[in-house]
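Only this structure's heavy atoms are used, side chains among them; waters, hydrogens and symmetry mates stay out. Chain letters run A, B, ... following the sequence lines, proteins first and then strands; every chain starts at 1.
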2 protein chains.
Amino acid sequence: MNQPCHQHAIPRRLVQQPLSELTDRLRARSRKVTGQREAILDVLRRHANPLTNREIHAALRGSGCDLATIYRTMHTLLGMGVVRRCDFGDGVARFELATGDAHHHHLVCRACGMVVEVDDCFPAALEEAIARRHGFVGIAHRLEFFGVCPRCQDPEPGPPKAP
Amino acid sequence: MNQPCHQHAIPRRLVQQPLSELTDRLRARSRKVTGQREAILDVLRRHANPLTNREIHAALRGSGCDLATIYRTMHTLLGMGVVRRCDFGDGVARFELATGDAHHHHLVCRACGMVVEVDDCFPAALEEAIARRHGFVGIAHRLEFFGVCPRCQDPEPGPPKAP
DNA sequence: GGGTTGCTTGCAAATCAATTGCAGTTGGGG
DNA sequence: CCCCAACTGCAATTGATTTGCAAGCAACCC
């Protein structure tokens, strides 16, 4: 899995969330708006797919933000609900901005790692039935799809693709 | 999350899979059936819930099987499709025997870590529609449910429960 | 049954993601 | 402008997982 950066078209849902709105959420909780945090949020805002802390760190080359700071910041943002964490099963955490509206899932290409957002979700009624059946409360789910994207299906084009 | 061992009632689907059948699958691929591997498979067979390599290692105290060997063995078994890997989002891989029949998902208690098997699955028709819509092939999904189990809901009994 | 061969294993060292202690900085309310 | 809790960089630590290497041992051949 590679090719982590697909910032081609910044998705509408991200563009419409100004940086100032995000930083205000920090200030509102007596959290400081530092240059590093603005930079991190900005990187997340510019990318359509979930990023690993390492990828964020790489995207910040130059503004030299320590990797530990990124880990700590993601923790803070996660606790504030500003970002959401996704697991693609490769043992590395990825983060994306949590946009107040509906949660979504991801369709990941097993070959190149490209990520597509999927709005379909596990049927709520069925989920409730499962919770009731086992007596669980506060139920939630984690769901991700995997497959091979159109690009990686035909072995023609040269550049893309990965082992 | 703790309380990893729930081997109370061995689920039927596991009991019905004799160790010999498992070892034969190894032999069939010019893989050797060693004491360590038999022991590992046997531990998996006796437990109803997915186990971490560390848990398997602990269950093998005495038969002294190296942790590295367990990691390597799980890799091998995974590649052969004998075991299946599950991620509960805590950064530790868990394994369970892959029983030829229908795959299932898990409902995990956020408090005590208890795991319940769930047979419901994401609607196949919907999954196919998602794949088609994005031009993906060979689609599959990863789905886990989280909630609080009945035991951890009422703060009465003493022993169970965890931070 | 003994010998050969290649898959396995134990042990230790190496990776890798993620976390933490500490001392020096800094945002921003007062 | 001052002060201090919130931050940050850096280095060291933890935990999971992987790997190099030499010794061990199943499976196969005769």
Side-chain angles (χ1 to χ4, degrees), chain A residues 1-2 4 19-20 22-41 43 50-58 60-80 82-83 85-95 113, chain B residues 1-2 4 19-20 22-41 43 50-58 60-80 82-83 85-95 113:
Chain A
M1 196 122 87
N2 66 345
L19 231 192
S20 60
L22 294 172
T23 55
D24 282 348
R25 293 179 65 176
L26 278 171
R27 254 183 283 268
R29 298 222 196 176
S30 72
R31 284 293 151 60
K32 302 192 171 167
V33 177
T34 65
Q36 291 89 327
R37 289 181 177 180
E38 281 193 332
I40 292 173
L41 284 170
V43 168
L51 300 175
T52 64
N53 284 333
R54 188 167 296 285
E55 286 168 351
I56 294 174
H57 184 241
L60 257 38
R61 290 244 175 286
S63 31
C65 176
D66 195 84
L67 191 52
T69 295
I70 296 177
Y71 273 100
R72 276 188 283 230
T73 298
M74 297 321 288
H75 243 256
T76 301
L77 296 179
L78 199 55
M80 294 177 58
V82 173
V83 300
R85 173 183 171 151
C86 340
D87 282 294
F88 290 171
D90 61 352
V92 193
R94 280 157 220 274
F95 302 88
Chain B
M1 199 122 83
N2 65 343
L19 232 193
S20 60
L22 293 172
T23 55
D24 282 349
R25 292 179 64 176
L26 276 171
R27 254 184 282 268
R29 299 220 195 178
S30 72
R31 286 292 152 61
K32 302 189 174 171
V33 177
T34 65
Q36 290 89 327
R37 288 181 179 179
E38 280 194 331
I40 292 174
L41 284 170
V43 168
L51 300 176
T52 64
N53 285 332
R54 187 166 295 284
E55 286 166 351
I56 294 174
H57 184 241
L60 257 37
R61 289 245 177 285
S63 33
C65 176
D66 195 85
L67 190 52
T69 295
I70 296 177
Y71 273 99
R72 276 188 283 230
T73 298
M74 298 320 289
H75 242 251
T76 301
L77 297 179
L78 198 55
M80 294 177 58
V82 173
V83 299
R85 172 182 170 152
C86 338
D87 282 294
F88 290 170
D90 61 352
V92 193
R94 281 157 219 273
F95 303 88

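Under the 4.5 Å side-chain criterion, counting only non-hydrogen atoms from C-beta, Glu55(A) is in contact with Arg94(A). Using a 4.5 Å heavy-atom threshold, the side chains of Arg37(A) and Leu26(A) count as touching. Taking 4.5 Å as the limit, every side-chain heavy atom of Phe95(A) sits out of range of all side-chain heavy atoms of Leu51(A).
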Indicate for each nucleotide in nucleotides 13-21 of chain C, in 5' to 3' sequence, whether protein heavy atoms under 4.0 Å reach the base (B), only the sugar-phosphate (S), or nothing (-). ----SBBBB
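Nearest heavy-atom pair across Leu78(A) and Arg85(A) is CD1-N, 3.9 Å. In terms of heavy-atom proximity, Cys65(A) sits nearest to Ile40(A) at SG-CD1, 4.4 Å. The nearest pair of heavy atoms linking Leu67(A) to Arg54(A) is CD2-NH2, 4.1 Å.
Asp90(A) contributes a side-chain N or O that, together with a main-chain N or O of Val92(A), makes up a donor-acceptor pair within less than 3.5 Å.
Axis deviation across the helix from dG1(C)-dC30(D) to dG30(C)-dC1(D) amounts to 30°, comparing end segments of five pairs, rounded to 10 degrees.
Between Thr69(B) and dG10(C), a side-chain N or O to OP1/OP2 separation shorter than 4.0 Å is present. Distances shown here put every side-chain N or O of Thr34(A) at or beyond 4.0 Å from the OP1 or OP2 atom of dT26(C). In this structure, Gln36(A) reaches the dG9(D) phosphate: one of its side-chain N or O atoms is under 4.0 Å from OP1 or OP2.
Here the P atom of nucleotide dA16(D) and the CG atom of Asp87(A) are 16 Å apart, to the nearest Å.
Place Thr76(A) and Arg27(B) on DNA chain D by their nearest nucleotides, and Thr76(A) ends up nearer the 5' end.
Atom OG1 of residue Thr23(A) and atom NZ of residue Lys32(A) lie 15.5 Å apart, to the nearest 0.5 angstrom.
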